Amino acid sequence: MNKALRPAVIAGNWKMNKTRPETKALLNELLPLVKDATCQVIVCPPFTCLETAVSALAGTNIKVGAQNCHWADNGAFTGEVSAGMLFEMGVSHVIIGHSERRQYFGETDETVNKRVRAALDAGLGVILCVGETLSQRECEITGDILALQTKIALMGVTGKELGRIVIAYEPVWAIGTGRTATAEQADEACGGIRGVVAGLYGDSAAGGLAIQYGGSMNAANASELLGRPHVDGGLIGGASLKPADFAAIVAAACQ
Ligand code: PEP
């Protein structure tokens, strides 16, 4: 499928930043800047600010995502939040498998898959993160790692459910480091992931899947990255906390 027929998706991962008043202020500044965006725009504040964001963005073109969810519906999982709780609050998406969750919180491909399943069952859209470490890239096993992470994460996901998934290719070495993948590297990796998805679900489903690049994307490098045939959007960390920069990335995706 032609890239122009796929939805571009720009999502902001705020990580552990912003209080509720700060959330309101950031969104008030961002809203007028992206109100005419033709691509999908999602902001992902911390759990404590989700309700604030949902009410501030009601009736607008910006959707709200969470940064994680647990796989159980409820129960004795202190500190966790279920997918159903997010859906009930009006959250539409959830980031799953971010490398910081894998690195600092023991997330594995298997728990990523359980969380993906739970999110889909609850009615949420999923931003599924995959990506290689620097040593894996240097060992030239990037394609194998991306294939493994993608295949395990999508276990038990039907072709129809794939329509609620966006995959974010995020090389671990590029996240929060200021070191961006080249447009060629990003396109090659996103194209490789699309090939893996085609093997699982067929060419048509893979052709309709939005695959984002994430890793130090900013207002200056967005156009080049987003101009590549397999890069359908971005998962943005640091730059998503600056409304003008985030809006510039949205504008680059809407061209
Ligand atoms: C991220 O957190 O997903 C990310 C891409 O961060 P940054 O843009 O800051 O590298």
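Computed from a predicted model, the values in this text were never measured in an experiment. Atoms within each ligand, like the ligands themselves, are counted from 1 in listed order.
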>> Using side chain to side chain contact (heavy atoms under 4.5 Å, CB included), reason through Asn68 and Phe105 one step at a time and then give a plain yes or no.
In response: CA-CA 11 Å; Asn68 187 29; Phe105 301 102; over 6 Å; no

>> Minimum distance, heavy atoms only, to atom 4 (C) of ligand 1: which one of Gly176, Cys44, Gly237 is it?
In response: Gly237

> Considering only heavy atoms of Ile175, which atoms of ligand 1 have at least one such atom less than 4.0 Å away?
Replying inline: 1 (C), 2 (O), 4 (C), 6 (O), 10 (O)

> Should you measure from each heavy atom of Asn13, which atoms of ligand 1 turn up under 4.0 Å away?
Replying inline: 1 (C), 2 (O), 3 (O)

> Below 4.5 Å, heavy atoms only, C-beta onward: do Val43 and Ser240 meet side chain to side chain?
Replying inline: no

> Which atoms of ligand 1 sit under 4.0 Å from any heavy atom of Leu235?
Replying inline: 3 (O), 5 (C)

> How far is atom 9 (O) of ligand 1 from its nearest protein heavy atom, and which residue and atom is that?
Replying inline: Gly238 N, 2.9 Å

> At a 4.0 Å threshold, what atoms of ligand 1 neighbour a non-hydrogen atom of Ser216?
Replying inline: 7 (P), 8 (O), 10 (O)

> Against heavy atoms of Gly214, which atoms of ligand 1 measure under 4.0 Å?
Replying inline: 5 (C)

> Can you find a pair of side-chain heavy atoms, one from Ile175 and one from His98, that are under 4.5 Å apart?
Replying inline: yes

> Is the closest N or O pair between Glu100 and ligand 1 shorter than 3.5 Å?
Replying inline: no

> Do the side chains of Asn74 and Ser82 get nearer than 4.5 Å, heavy atoms only?
Replying inline: no

> What are the atoms of ligand 1, with element, lying closer than 4.0 Å to any heavy atom of Gly215?
Replying inline: 5 (C), 10 (O)

> In the single-linkage hydrophobic clustering (I, L, V, M, F, W, Y; side-chain heavy atoms under 4.5 Å), do Leu30 and Leu235 co-cluster?
Replying inline: no

> How many angstroms lie between NZ in Lys18 and OG1 in Thr23, if you round to the nearest 0.5 Å?
Replying inline: 8.0 Å

> Between Gln149 and Arg102, is a side chain to side chain contact (heavy atoms under 4.5 Å, CB included) present by the stated rule, with each step listed?
Replying inline: CA-CA 11 Å; Gln149 291 180 355; Arg102 295 179 192 253; 4.0 Å; yes

> At a 4.0 Å cut-off, with the gap strictly under it, does some heavy atom of Ala239 reach an atom of ligand 1?
Replying inline: no

>> Hydrogens and angles aside, do Glu107 and Thr111 bring a side-chain donor and acceptor to less than 3.5 Å of each other?
In response: yes

>> Would Asp109 and Asn113 count as a side chain to side chain contact (heavy atoms under 4.5 Å, CB included) here? Give the steps.
In response: CA-CA 6 Å; Asp109 292 330; Asn113 173 248; over 6 Å; no

> In the protein, which heavy atom is nearest to atom 5 (C) of ligand 1, and how far is it?
Replying inline: Glu170 OE2, 3.1 Å

> At the 4.0 Å heavy-atom cut-off, does Ala174 count as touching ligand 1?
Replying inline: yes

>> To check your reading of the model: name the closest protein heavy atom to atom 1 (C) of ligand 1, its residue, and the distance in Å.
In response: His98 NE2, 3.2 Å

